[in-house]
> 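Below are the structure tokens for one structure; questions will follow.
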Protein chains: 2
Amino acid sequence: MNLNRKNNKITQVSEPTLRRLPGYLFFLEKVREEGVINISAPTIGKELKCDPTQVVKDLSVTGIKGKPRVGYNTYELCHALEDFLGFNRVNEAFLVGAGNLGTALMAYQEHQTLGIKVIAAFDVSEDKIGKHIGGIHVLEYNKLFHLSNRLDVKIAILTTPNSAAQDVAEDLVNCGIKAIWNFTHCNLDLPDNIIVQDTSMSSFAAVLLRRLSDSENQNI
Amino acid sequence: MNLNRKNNKITQVSEPTLRRLPGYLFFLEKVREEGVINISAPTIGKELKCDPTQVVKDLSVTGIKGKPRVGYNTYELCHALEDFLGFNRVNEAFLVGAGNLGTALMAYQEHQTLGIKVIAAFDVSEDKIGKHIGGIHVLEYNKLFHLSNRLDVKIAILTTPNSAAQDVAEDLVNCGIKAIWNFTHCNLDLPDNIIVQDTSMSSFAAVLLRRLSDSENQNI
DNA sequence: TAGATTGTTAATCGATTAACAATC
DNA sequence: TAGATTGTTAATCGATTAACAATC
């Protein structure tokens with residue numbers, strides 16, 4: 001029940017802030033392991049290359065108070081960040097489409113703290129069904145409907161081909177899924193109450209390639 | 001030489017715009033294949049769920065002019081977007097760290113137009129060296145220095161463990177790498193002229209999980 | 001106590017959205 | 001011609017940064 005209130009009105013934390021929070025968490029976990037008890041916003045900012053005021057504002061969403069001249073308690077802050085982000089809970093997810101990216105994410109989440117745990121994967125391809133990837137069973141797609149009845153899973157990772165994305169997404173919604181992490185290039189058309197997190201690898205490539213050619217052109 | 005000029009001054013295209021461009025490209029390629037010759041900004045906006053003015057402004061970076069009442073020529077626009085993003089060139093890259101995420105990305109880029117082509121992968125682990133993944137050789141890490149002398153590769157994908165990230169990144173810079181696509185959680189400290197594109201999967205997970213718990217709390 | 005740091009409020013900056021003239 | 005759409009300029013909105021009082 002970690003709501004942010006301002007004048008007693010619930011305010012959503014902005015997306016830029018949310019995206020930065022895991023960065024703080026990883027850094028703070030590292031320094032905490034190194035034995036650092038307290039850390040100031042300017043110190044964090046220097047390491048993560050962002051404004052100390054930004055750090056203070058971002059961290060305030062956790063509700064943790066810092067002490068002037070001392071900073072924040074690393075243990076408290078790590079705990080509060082994990083709690084706020086939901087990284088300390090087991091957020092179970094289905095994954096649909098056990099292709100390259102799908103298997104990658106399954107293998108990845110075994111070792112990296114993503115906050116989301118894939119508990120079952122689905123595919124229509126015969127040669128993928130039955131496989132074990134990163135400790136996860138790949139099941140026949142049709143089993144999704146049956147399994148979702150028994151388990152209360154709210155999150156799905158969508159790594160199908162673009163052509164199947166919309167249909168699968170609709171199936172997922174019918175199965176009670178509330179949030180879809182969409183790795184396809186398809187613009188999903190779903191009810192408003194469904195949370196869709198689009199994640200296109202190409203967007204990152206685009207920014208990187210463009211910045212690279214910008215920097216090359218500067219020298220002309 | 002695709003520079004954006006305003007009052008004859010070079011202006012960088014903003015990151016939000018750059019991130020949206022691949023989305024336009026994928027959508028336009030799809031409709032072009034379906035035989036659509038011209039498309040208007042409002043039509044694109046409706047499909048991609050964004051403001052038509054935004055679409056017009058975003059697309060203007062390509063230099064392509066639309067016709068009032070008609071819209072944009074899909075062929076022209078696809079071509080210009082590919083060119084602007086560099087997706088029609090072969091942007092060769094090294095990949096360091098052939099672990100789960102590394103191998104996944106190698107397999108992925110075979111099938112998806114990322115705009116970036118991994119031509120060699122490196123790892124220190126004996127049991128990865130010599131493997132072929134997605135048509136790419138995994139080489140001994142030390143070979144990096146030798147190979148970078150012969151080839152003019154400017155991009156590197158960093159998928160090592162966090163603990164090795166900074167050292168490897170420095171090696172890459174010494175090998176002439178100009179842009180690093182960083183998948184580790186390490187905050188790389190490199191010269192200013194090096195382009196670092198941080199891509200933390202956790203950031204997306206954070207946004208998704210938080211939005212999900214926001215929506216659950218709304219119903220209390 | 002002196003001074004660094006927090007935390008809040010105000011100023012700035014940049015991106016999105018709105019308004020509207022130009023145009024096909 | 002009439003009207004939809006482009007493209008530019010202005011207004012708005014939201015996030016970042018600066019200023020500063022409170023505090024340990």
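These numbers come from the heavy atoms of this one structure, side chains and all, not from hydrogens, waters or symmetry mates. Chain letters run A, B, ... following the sequence lines, proteins first, then strands; residues in each count from 1.
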> Taking the ring centre of each residue, are A:Phe94 and A:Tyr141 less than 6.0 Å apart?
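Centroid separation for A:Phe94 and A:Tyr141: 6.0 Å or greater.
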> Would you mind classifying the nucleic acid contact of B:Lys57 as base, sugar-phosphate or nothing, using non-hydrogen atoms under 4.0 angstrom?
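Base contact.
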> What residues from residues 29-43 of chain B pass a heavy-atom cutoff of under 4.0 Å to DNA chain D?
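Listed by number, they are B:Ser40, B:Ala41, B:Pro42.
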> Treat a base pair as Watson-Crick or G-U wobble with both distances under 3.5 Å, then lay out DNA chain C in dot-bracket form, 5' to 3', with | for cross-strand pairs.
..||||||||||||||||||||||
> Output the rounded distance in Å from CG (A:Asp58) to C1' (D:dA15).
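It works out to 10 Å between those atoms.
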> Can you confirm whether B:Thr160 sits close enough to B:Thr184 that some side-chain heavy atom of one is under 4.5 Å from a side-chain heavy atom of the other?
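Yes - at least one pair of side-chain heavy atoms lies under 4.5 Å apart.
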> Rounded to whole angstroms, how far apart are CD on B:Gln54 and P on C:dA18?
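Nearest whole value for this atom pair: 11 Å.
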> For the pair made of CG in B:Asp51 and P in D:dT8, what is the distance, rounded to whole Å?
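Checked: the CG to P distance equals 17 Å.
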> Working note: B:Gln54 + B:Arg20, criterion side chain to side chain donor-acceptor pair (under 3.5 Å); need CA distance, chi angles, decisive distance, verdict.
CA-CA 10 Å; B:Gln54 181 86 270; B:Arg20 281 190 295 268; 3.0 Å; yes
> With heavy-atom distances below 4.5 Å as the criterion, would you say the side chains of A:Leu48 and A:Phe27 are in contact?
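A side-chain contact under 4.5 Å exists here.
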> Of B:Leu85, B:Leu81, B:Leu77, which meets side-chain contact (heavy atoms from CB on, under 4.5 Å) against B:Tyr24?
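Of the listed options, the one satisfying the test is B:Leu81.
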> Do the rings of B:His79 and B:Tyr75 sit parallel, tilted or perpendicular, given the 30° and 60° boundaries?
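Ring orientation of B:His79 relative to B:Tyr75: parallel.
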> Closest approach of B:Asn38 and B:Val36, non-hydrogen atoms and distance?
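That closest heavy-atom pairing would be O-CG1, 3.2 Å.
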> Starting at CD of A:Gln12 and ending at C1' of D:dA15, how long is that distance when rounded to a whole Å?
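My rounded result for the distance is 16 Å.
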> Can you check each nucleotide of nucleotides 19-24 of chain D against protein heavy atoms at under 4.0 Å and return B for base, S for sugar-phosphate only, - for none, in 5' to 3' order?
----BB
> Within less than 4.0 Å of OP1 or OP2 of D:dT16, is there a side-chain N or O belonging to A:Arg20?
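For D:dT16, OP1 or OP2 has a side-chain N or O of A:Arg20 closer than 4.0 Å.
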> Which whole-number value in Å describes the distance from A:Lys65 NZ to C:dG7 C1'?
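Those two atoms, NZ and C1', are 7 Å apart.
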> Does the side chain of B:Ile155 come within less than 4.5 Å of B:Ile177's, by heavy atoms?
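When only atoms from C-beta onward are counted, B:Ile155 and B:Ile177 do not touch, as no gap falls below 4.5 Å.
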> Would A:Gln12 and B:Arg210 satisfy side chain to side chain donor-acceptor pair (under 3.5 Å), going step by step from the backbone distance to the final call?
CA-CA 9 Å; A:Gln12 278 202 353; B:Arg210 192 62 220 168; over 6 Å; no
> Which whole-number value in Å describes the distance from A:Arg19 CZ to D:dT16 P?
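In whole Å, D:dT16 P lies 11 Å from A:Arg19 CZ.
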> Rounding to an integer number of Å, can you tell me how far A:Glu15 CD sits from D:dA15 C1'?
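Nearest whole value for this atom pair: 13 Å.
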> Is there a salt bridge (Lys or Arg N to Asp or Glu O under 4.0 Å) between A:Lys154 and B:Glu216 once you walk through the steps?
CA-CA 11 Å; A:Lys154 297 199 184 91; B:Glu216 283 166 352; 3.5 Å; yes
> Starting from C1' on C:dT16, measure out to CG on B:Leu48 and report it in whole angstrom.
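These atoms are roughly 16 Å apart.
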> With side chains defined as the heavy atoms from C-beta onward, is the minimum distance between A:Ile157 and A:Leu105 less than 4.5 Å?
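Yes. Closest side-chain heavy atoms under 4.5 Å.
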